[in-house]
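Just the heavy atoms: all of them, side chains too, but no hydrogens, waters or symmetry mates, feed the values below.
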Amino acid sequence: MTPLTIMRFWCELAVLPDVAVFTIVIRCYAYAGKTKAALMVYHHMLASGVAPASVTYFILITALAKDSSSDVTFVGYAKKYFLEMLDKGMKPHSASYTTVFDAIACRESVEKAMEFLEQIQAKGFVPESKIYQFEETHLAEAMKGMKMYDDLVNNTTDKNVQKVFRTWRTKPGCLYKKSLKMYKALIEDGSADQAMELYKHVVEMGIQPMVVVHTSVIEAYLKFGKTKGALEAYWGMLAAGVAPNSYTYTVLIKGLTADPNFSGDAKKCLLEMMDKGMRPNAATYTAVIESFAKQEDEASEKECKELVEVMMGKGFVPNAKAMMEVLKGRPTPVIRRVMNIVLSKLKG
(Lines give C-alpha, C1' and ligand atoms only; values in the text may rest on other atoms or scores of the structure.)
Protein backbone atom coordinates (compact mmCIF):
# COMPACT_ATOMS: atom_id res chain seq x y z
CA MET A 1 0.00 0.00 0.00
CA THR A 2 1.51 3.34 -1.07
CA PRO A 3 1.50 6.47 1.15
CA LEU A 4 -1.14 8.08 -1.12
CA THR A 5 -3.38 5.02 -0.81
CA ILE A 6 -3.00 5.19 2.96
CA MET A 7 -3.98 8.86 2.88
CA ARG A 8 -7.14 8.20 0.84
CA PHE A 9 -8.05 5.30 3.13
CA TRP A 10 -7.89 7.34 6.33
CA CYS A 11 -9.57 10.37 4.75
CA GLU A 12 -12.50 8.25 3.58
CA LEU A 13 -12.70 6.50 6.93
CA ALA A 14 -12.79 9.89 8.69
CA VAL A 15 -11.22 8.43 11.83
CA LEU A 16 -8.22 10.75 11.98
CA PRO A 17 -8.17 14.53 11.51
CA ASP A 18 -7.01 15.57 8.04
CA VAL A 19 -3.84 17.16 9.43
CA ALA A 20 -2.87 13.84 11.03
CA VAL A 21 -3.46 11.94 7.78
CA PHE A 22 -1.39 14.34 5.72
CA THR A 23 1.38 14.36 8.34
CA ILE A 24 1.53 10.54 8.39
CA VAL A 25 1.88 10.45 4.61
CA ILE A 26 4.56 13.14 4.63
CA ARG A 27 6.38 11.12 7.28
CA CYS A 28 6.15 7.92 5.19
CA TYR A 29 7.70 9.62 2.18
CA ALA A 30 10.33 11.42 4.27
CA TYR A 31 11.46 8.23 6.00
CA ALA A 32 11.60 6.45 2.65
CA GLY A 33 14.00 9.11 1.38
CA LYS A 34 11.43 10.49 -1.07
CA THR A 35 11.70 14.12 -0.02
CA LYS A 36 10.31 15.59 -3.22
CA ALA A 37 7.17 13.45 -2.85
CA ALA A 38 6.83 14.55 0.79
CA LEU A 39 7.03 18.17 -0.37
CA MET A 40 4.33 17.58 -2.98
CA VAL A 41 2.02 16.10 -0.34
CA TYR A 42 2.63 19.16 1.82
CA HIS A 43 1.64 21.45 -1.07
CA HIS A 44 -1.47 19.32 -1.61
CA MET A 45 -2.21 19.66 2.08
CA LEU A 46 -2.17 23.47 1.81
CA ALA A 47 -4.24 23.39 -1.38
CA SER A 48 -6.83 21.32 0.51
CA GLY A 49 -7.11 24.02 3.15
CA VAL A 50 -5.51 21.92 5.87
CA ALA A 51 -3.19 23.83 8.23
CA PRO A 52 0.09 22.07 9.14
CA ALA A 53 0.77 21.20 12.77
CA SER A 54 4.07 21.72 14.54
CA VAL A 55 5.00 18.05 14.05
CA THR A 56 4.22 18.35 10.32
CA TYR A 57 6.74 21.14 10.02
CA PHE A 58 9.31 19.26 12.10
CA ILE A 59 9.15 16.18 9.86
CA LEU A 60 9.23 18.16 6.63
CA ILE A 61 11.99 20.59 7.66
CA THR A 62 14.19 17.72 8.87
CA ALA A 63 13.69 15.77 5.64
CA LEU A 64 14.42 18.79 3.43
CA ALA A 65 17.56 19.77 5.34
CA LYS A 66 18.98 16.26 5.55
CA ASP A 67 18.35 15.54 1.87
CA SER A 68 19.73 18.87 0.62
CA SER A 69 22.67 17.09 -1.03
CA SER A 70 20.26 15.68 -3.63
CA ASP A 71 18.60 19.02 -4.36
CA VAL A 72 20.07 22.31 -3.14
CA THR A 73 16.65 24.01 -3.37
CA PHE A 74 15.57 21.94 -0.38
CA VAL A 75 17.66 24.24 1.84
CA GLY A 76 15.56 27.22 0.80
CA TYR A 77 12.35 25.33 1.55
CA ALA A 78 13.67 24.22 4.95
CA LYS A 79 14.49 27.82 5.88
CA LYS A 80 11.14 29.04 4.56
CA TYR A 81 9.11 26.60 6.65
CA PHE A 82 11.25 27.25 9.75
CA LEU A 83 10.43 30.97 9.47
CA GLU A 84 6.80 30.11 8.70
CA MET A 85 6.54 28.24 11.99
CA LEU A 86 7.80 31.29 13.87
CA ASP A 87 5.32 33.54 12.07
CA LYS A 88 2.51 31.24 13.24
CA GLY A 89 3.65 31.40 16.84
CA MET A 90 5.09 27.86 16.86
CA LYS A 91 8.50 27.21 18.39
CA PRO A 92 10.64 24.97 16.17
CA HIS A 93 12.46 22.12 17.87
CA SER A 94 16.13 22.89 18.51
CA ALA A 95 17.01 19.77 16.52
CA SER A 96 15.38 21.39 13.48
CA TYR A 97 17.47 24.51 14.06
CA THR A 98 20.69 22.47 14.12
CA THR A 99 19.68 20.40 11.09
CA VAL A 100 18.82 23.48 9.02
CA PHE A 101 22.09 25.19 9.94
CA ASP A 102 23.96 22.03 9.03
CA ALA A 103 22.37 22.13 5.57
CA ILE A 104 23.14 25.85 5.18
CA ALA A 105 26.78 25.25 6.16
CA CYS A 106 27.12 22.54 3.52
CA ARG A 107 25.21 24.21 0.67
CA GLU A 108 25.28 27.98 1.17
CA SER A 109 27.56 30.90 2.03
CA VAL A 110 28.37 32.48 5.38
CA GLU A 111 26.39 35.53 4.24
CA LYS A 112 23.28 33.39 3.69
CA ALA A 113 23.75 31.82 7.11
CA MET A 114 24.06 35.23 8.75
CA GLU A 115 20.91 36.41 6.98
CA PHE A 116 18.94 33.43 8.30
CA LEU A 117 20.37 33.90 11.79
CA GLU A 118 19.24 37.52 11.83
CA GLN A 119 15.78 36.55 10.57
CA ILE A 120 15.10 33.97 13.28
CA GLN A 121 16.52 36.22 16.00
CA ALA A 122 14.25 39.04 14.85
CA LYS A 123 11.30 36.67 15.25
CA GLY A 124 12.37 35.87 18.80
CA PHE A 125 13.78 32.37 18.32
CA VAL A 126 16.31 31.30 20.93
CA PRO A 127 17.58 27.67 20.87
CA GLU A 128 17.92 25.63 24.04
CA SER A 129 21.04 26.39 26.08
CA LYS A 130 22.46 22.90 25.46
CA ILE A 131 22.40 23.55 21.69
CA TYR A 132 25.35 25.30 20.07
CA GLN A 133 24.63 29.03 19.74
CA PHE A 134 25.78 30.22 16.32
CA GLU A 135 27.28 33.70 16.60
CA GLU A 136 28.67 36.08 14.00
CA THR A 137 32.23 36.04 15.38
CA HIS A 138 32.61 32.25 15.07
CA LEU A 139 30.05 31.48 12.38
CA ALA A 140 32.53 30.93 9.53
CA GLU A 141 34.61 28.44 11.53
CA ALA A 142 31.53 26.64 12.83
CA MET A 143 30.23 26.27 9.28
CA LYS A 144 33.61 25.03 8.11
CA GLY A 145 33.52 22.29 10.73
CA MET A 146 29.95 21.27 9.87
CA LYS A 147 30.77 21.07 6.16
CA MET A 148 33.79 18.93 6.94
CA TYR A 149 31.60 16.33 8.65
CA ASP A 150 29.40 16.24 5.57
CA ASP A 151 32.40 15.87 3.26
CA LEU A 152 33.87 13.11 5.41
CA VAL A 153 30.73 10.99 5.10
CA ASN A 154 30.25 11.63 1.38
CA ASN A 155 33.89 11.32 0.30
CA THR A 156 34.75 8.16 2.22
CA THR A 157 34.15 4.80 0.56
CA ASP A 158 35.29 2.61 3.48
CA LYS A 159 32.09 1.52 5.22
CA ASN A 160 33.64 1.10 8.68
CA VAL A 161 35.26 4.53 8.67
CA GLN A 162 32.12 6.09 7.19
CA LYS A 163 30.10 4.65 10.08
CA VAL A 164 32.45 6.38 12.54
CA PHE A 165 32.02 9.71 10.74
CA ARG A 166 28.24 9.37 10.78
CA THR A 167 28.38 8.78 14.53
CA TRP A 168 30.24 12.05 15.00
CA ARG A 169 27.38 13.90 13.29
CA THR A 170 24.67 12.32 15.41
CA LYS A 171 26.63 12.13 18.69
CA PRO A 172 28.86 15.23 19.10
CA GLY A 173 29.92 13.93 22.51
CA CYS A 174 32.21 11.43 20.75
CA LEU A 175 34.51 14.21 19.55
CA TYR A 176 34.33 15.91 22.94
CA LYS A 177 35.79 12.75 24.51
CA LYS A 178 38.53 12.73 21.88
CA SER A 179 39.41 16.34 22.65
CA LEU A 180 39.75 15.45 26.34
CA LYS A 181 42.01 12.54 25.40
CA MET A 182 44.17 14.87 23.30
CA TYR A 183 44.26 17.48 26.07
CA LYS A 184 45.41 14.91 28.65
CA ALA A 185 48.07 13.45 26.32
CA LEU A 186 49.48 16.91 25.54
CA ILE A 187 49.79 17.68 29.26
CA GLU A 188 51.51 14.34 29.95
CA ASP A 189 54.01 14.91 27.13
CA GLY A 190 54.95 18.35 28.43
CA SER A 191 53.04 20.31 25.76
CA ALA A 192 50.97 22.35 28.20
CA ASP A 193 50.97 25.36 25.87
CA GLN A 194 49.26 23.35 23.12
CA ALA A 195 46.82 21.89 25.64
CA MET A 196 45.83 25.35 26.91
CA GLU A 197 45.39 26.61 23.35
CA LEU A 198 43.03 23.70 22.73
CA TYR A 199 41.08 24.36 25.93
CA LYS A 200 40.82 28.09 25.21
CA HIS A 201 39.41 27.43 21.73
CA VAL A 202 36.66 25.15 23.08
CA VAL A 203 35.68 27.58 25.86
CA GLU A 204 35.62 30.68 23.64
CA MET A 205 33.96 29.18 20.57
CA GLY A 206 32.00 26.25 21.93
CA ILE A 207 33.09 24.03 19.03
CA GLN A 208 35.83 21.48 18.60
CA PRO A 209 39.04 22.85 17.01
CA MET A 210 39.81 21.57 13.52
CA VAL A 211 42.99 19.91 14.82
CA VAL A 212 40.79 17.63 16.96
CA VAL A 213 38.56 16.72 14.01
CA HIS A 214 41.44 16.05 11.60
CA THR A 215 43.41 14.04 14.18
CA SER A 216 40.32 11.99 14.94
CA VAL A 217 39.97 11.24 11.23
CA ILE A 218 43.56 9.94 11.19
CA GLU A 219 42.83 7.80 14.25
CA ALA A 220 39.67 6.40 12.64
CA TYR A 221 41.59 5.17 9.61
CA LEU A 222 44.34 3.67 11.75
CA LYS A 223 41.78 1.89 13.94
CA PHE A 224 40.69 -0.14 10.92
CA GLY A 225 44.23 -0.71 9.63
CA LYS A 226 43.86 1.81 6.78
CA THR A 227 47.41 3.23 6.98
CA LYS A 228 47.32 4.82 3.56
CA GLY A 229 43.98 6.44 4.38
CA ALA A 230 45.46 7.87 7.59
CA LEU A 231 48.42 9.34 5.72
CA GLU A 232 46.13 10.84 3.08
CA ALA A 233 43.98 12.31 5.87
CA TYR A 234 47.13 13.93 7.26
CA TRP A 235 47.95 15.42 3.87
CA GLY A 236 44.39 16.68 3.68
CA MET A 237 44.85 18.29 7.08
CA LEU A 238 47.90 20.20 5.85
CA ALA A 239 46.13 21.16 2.61
CA ALA A 240 43.28 22.61 4.69
CA GLY A 241 45.76 24.82 6.53
CA VAL A 242 45.31 23.05 9.88
CA ALA A 243 48.53 22.73 11.88
CA PRO A 244 49.13 19.34 13.54
CA ASN A 245 50.03 19.39 17.23
CA SER A 246 52.36 16.96 18.96
CA TYR A 247 49.49 14.56 19.70
CA THR A 248 48.60 14.45 15.99
CA TYR A 249 52.18 13.53 15.14
CA THR A 250 52.36 10.93 17.90
CA VAL A 251 49.18 9.19 16.68
CA LEU A 252 50.22 9.34 13.03
CA ILE A 253 53.84 8.26 13.48
CA LYS A 254 53.03 5.30 15.71
CA GLY A 255 50.30 4.27 13.27
CA LEU A 256 52.63 4.45 10.29
CA THR A 257 55.28 2.33 12.00
CA ALA A 258 52.77 -0.52 12.34
CA ASP A 259 53.15 -1.09 8.59
CA PRO A 260 56.75 -1.63 7.34
CA ASN A 261 55.76 -0.10 3.99
CA PHE A 262 55.35 3.26 5.70
CA SER A 263 58.56 3.38 7.79
CA GLY A 264 59.97 6.06 5.51
CA ASP A 265 56.86 8.20 5.97
CA ALA A 266 57.05 7.73 9.73
CA LYS A 267 60.67 8.92 9.69
CA LYS A 268 59.74 11.94 7.59
CA CYS A 269 56.91 12.90 9.97
CA LEU A 270 59.18 12.46 13.00
CA LEU A 271 61.74 14.89 11.59
CA GLU A 272 58.99 17.26 10.49
CA MET A 273 57.66 17.23 14.04
CA MET A 274 61.07 18.11 15.42
CA ASP A 275 61.60 20.84 12.83
CA LYS A 276 58.44 22.49 14.19
CA GLY A 277 59.92 22.59 17.68
CA MET A 278 57.96 19.64 19.07
CA ARG A 279 59.77 16.98 21.07
CA PRO A 280 58.59 13.40 20.41
CA ASN A 281 58.10 11.18 23.44
CA ALA A 282 60.11 7.99 23.89
CA ALA A 283 57.31 5.75 22.60
CA THR A 284 57.11 7.73 19.36
CA TYR A 285 60.76 7.86 18.34
CA THR A 286 61.36 4.32 19.60
CA ALA A 287 58.56 3.09 17.32
CA VAL A 288 60.28 4.64 14.29
CA ILE A 289 63.69 3.20 15.15
CA GLU A 290 62.14 -0.19 15.89
CA SER A 291 60.33 -0.22 12.53
CA PHE A 292 63.68 -0.01 10.74
CA ALA A 293 65.41 -2.46 13.08
CA LYS A 294 62.74 -5.09 12.44
CA GLN A 295 63.56 -5.12 8.73
CA GLU A 296 66.88 -6.85 9.54
CA ASP A 297 68.89 -5.65 6.56
CA GLU A 298 71.99 -3.49 6.28
CA ALA A 299 70.29 -0.75 4.26
CA SER A 300 67.57 -0.27 6.88
CA GLU A 301 70.10 -0.31 9.71
CA LYS A 302 72.21 2.30 7.93
CA GLU A 303 69.16 4.51 7.30
CA CYS A 304 68.15 4.21 10.94
CA LYS A 305 71.61 5.20 12.18
CA GLU A 306 71.49 8.21 9.90
CA LEU A 307 68.11 9.10 11.38
CA VAL A 308 69.55 9.03 14.91
CA GLU A 309 72.42 11.26 13.73
CA VAL A 310 69.98 13.76 12.25
CA MET A 311 67.92 13.74 15.44
CA MET A 312 71.02 14.45 17.51
CA GLY A 313 72.02 17.13 15.03
CA LYS A 314 68.74 18.85 15.82
CA GLY A 315 69.65 18.85 19.49
CA PHE A 316 67.57 15.82 20.45
CA VAL A 317 69.32 12.94 22.21
CA PRO A 318 67.36 9.65 22.49
CA ASN A 319 66.90 8.48 26.07
CA ALA A 320 68.23 4.90 26.17
CA LYS A 321 66.64 4.15 29.57
CA ALA A 322 63.22 5.38 28.44
CA MET A 323 63.55 3.35 25.25
CA MET A 324 64.21 0.18 27.23
CA GLU A 325 60.96 0.79 29.12
CA VAL A 326 59.07 1.13 25.83
CA LEU A 327 60.66 -2.05 24.45
CA LYS A 328 59.73 -4.24 27.42
CA GLY A 329 58.09 -7.44 26.23
CA ARG A 330 59.58 -7.28 22.73
CA PRO A 331 61.66 -10.22 21.47
CA THR A 332 65.25 -9.98 22.72
CA PRO A 333 66.77 -9.84 19.18
CA VAL A 334 64.59 -6.80 18.36
CA ILE A 335 65.57 -5.01 21.59
CA ARG A 336 69.23 -5.76 20.92
CA ARG A 337 69.11 -4.42 17.33
CA VAL A 338 67.28 -1.23 18.38
CA MET A 339 69.61 -0.46 21.25
CA ASN A 340 72.76 -1.29 19.26
CA ILE A 341 71.71 1.25 16.62
CA VAL A 342 71.09 3.99 19.20
CA LEU A 343 74.05 3.25 21.48
CA SER A 344 76.47 3.15 18.52
CA LYS A 345 75.63 6.81 17.91
CA LEU A 346 75.44 7.86 21.55
CA LYS A 347 78.92 6.45 22.20
CA GLY A 348 80.27 7.91 18.96
Donor on one side chain, acceptor on other, Tyr234 and Tyr249, under 3.5 Å: yes
Aromatic ring pairing Tyr183/Tyr199, orientation class (parallel under 30°, perpendicular over 60°, tilted between): tilted
Euclidean distance, Asp189 CG relative to Gln194 CD, rounded to 0.5 Å: 9.5 Å
Aromatic ring proximity, centroids under 6.0 angstrom, Tyr42 and Tyr81: yes
Between Tyr247 and Glu219, a side-chain donor and acceptor under 3.5 Å: yes
Backbone N/O of Glu296 and side chain of Ser300: donor-acceptor pair under 3.5 Å: no
Backbone N/O of Lys112 and side chain of Ser109: donor-acceptor pair under 3.5 Å: yes
Sidechain-backbone polar pair: Thr286 side chain, Ala283 backbone, donor-acceptor under 3.5 Å: no
Short side-chain to backbone donor-acceptor contact, Thr62 and Ile59, under 3.5 Å: no
Interatomic distance, Asn340 atom CG to Lys305 atom NZ [nearest 0.5 angstrom]: 8.0 Å
Side-chain donor or acceptor of Asn319 paired with backbone N/O of Lys321 under 3.5 Å: yes
Approximate separation, where rounding is to 0.5 Å, of Ser216 OG and Met210 CE: 10.0 Å
Side chains of Thr257 and Glu290, donor plus acceptor under 3.5 Å: no
Flag, side chain of Ser96 to backbone of Pro92, donor-acceptor distance under 3.5 Å: no
Polar side-chain atom of Thr284 near backbone of Pro280 as donor-acceptor pair, under 3.5 Å: no
Short N-O contact, Lys79 and Glu115, less than 4.0 angstrom: no
Phe82 ring center near Phe116 ring center (under 6.0 Å): yes
Beyond-backbone contact of Met45 with Val19, side-chain heavy atoms, under 4.5 angstrom: yes
No-hydrogen, no-angle side-chain donor-acceptor test under 3.5 Å, Lys228 and Tyr221: no
Thr167 side chain to Lys163 backbone, donor-acceptor under 3.5 Å: yes
Flag, side chain of Arg330 to backbone of Ile335, donor-acceptor distance under 3.5 Å: no
Stacked cation flag Arg27 on Tyr31, 6.0 angstrom / 45 deg: yes
Donor-acceptor contact present, side-chain Glu108 to main-chain Ala113, <3.5 Å: no
Exercise: do Asp71 and Thr73 side chains pair donor with acceptor under 3.5 Å: yes
Derivation of the salt bridge (charged side-chain N to carboxylate O under 4.0 Å, His left out) call for Glu303 and Lys267: CA-CA 10 Å; Glu303 186 175 354; Lys267 180 185 77 170; 2.9 Å; yes
No-hydrogen, no-angle side-chain donor-acceptor test under 3.5 Å, Asp102 and Thr99: no
Rounded distance [0.5 Å steps], CG in Leu256 versus NZ in Lys268: 11.5 Å
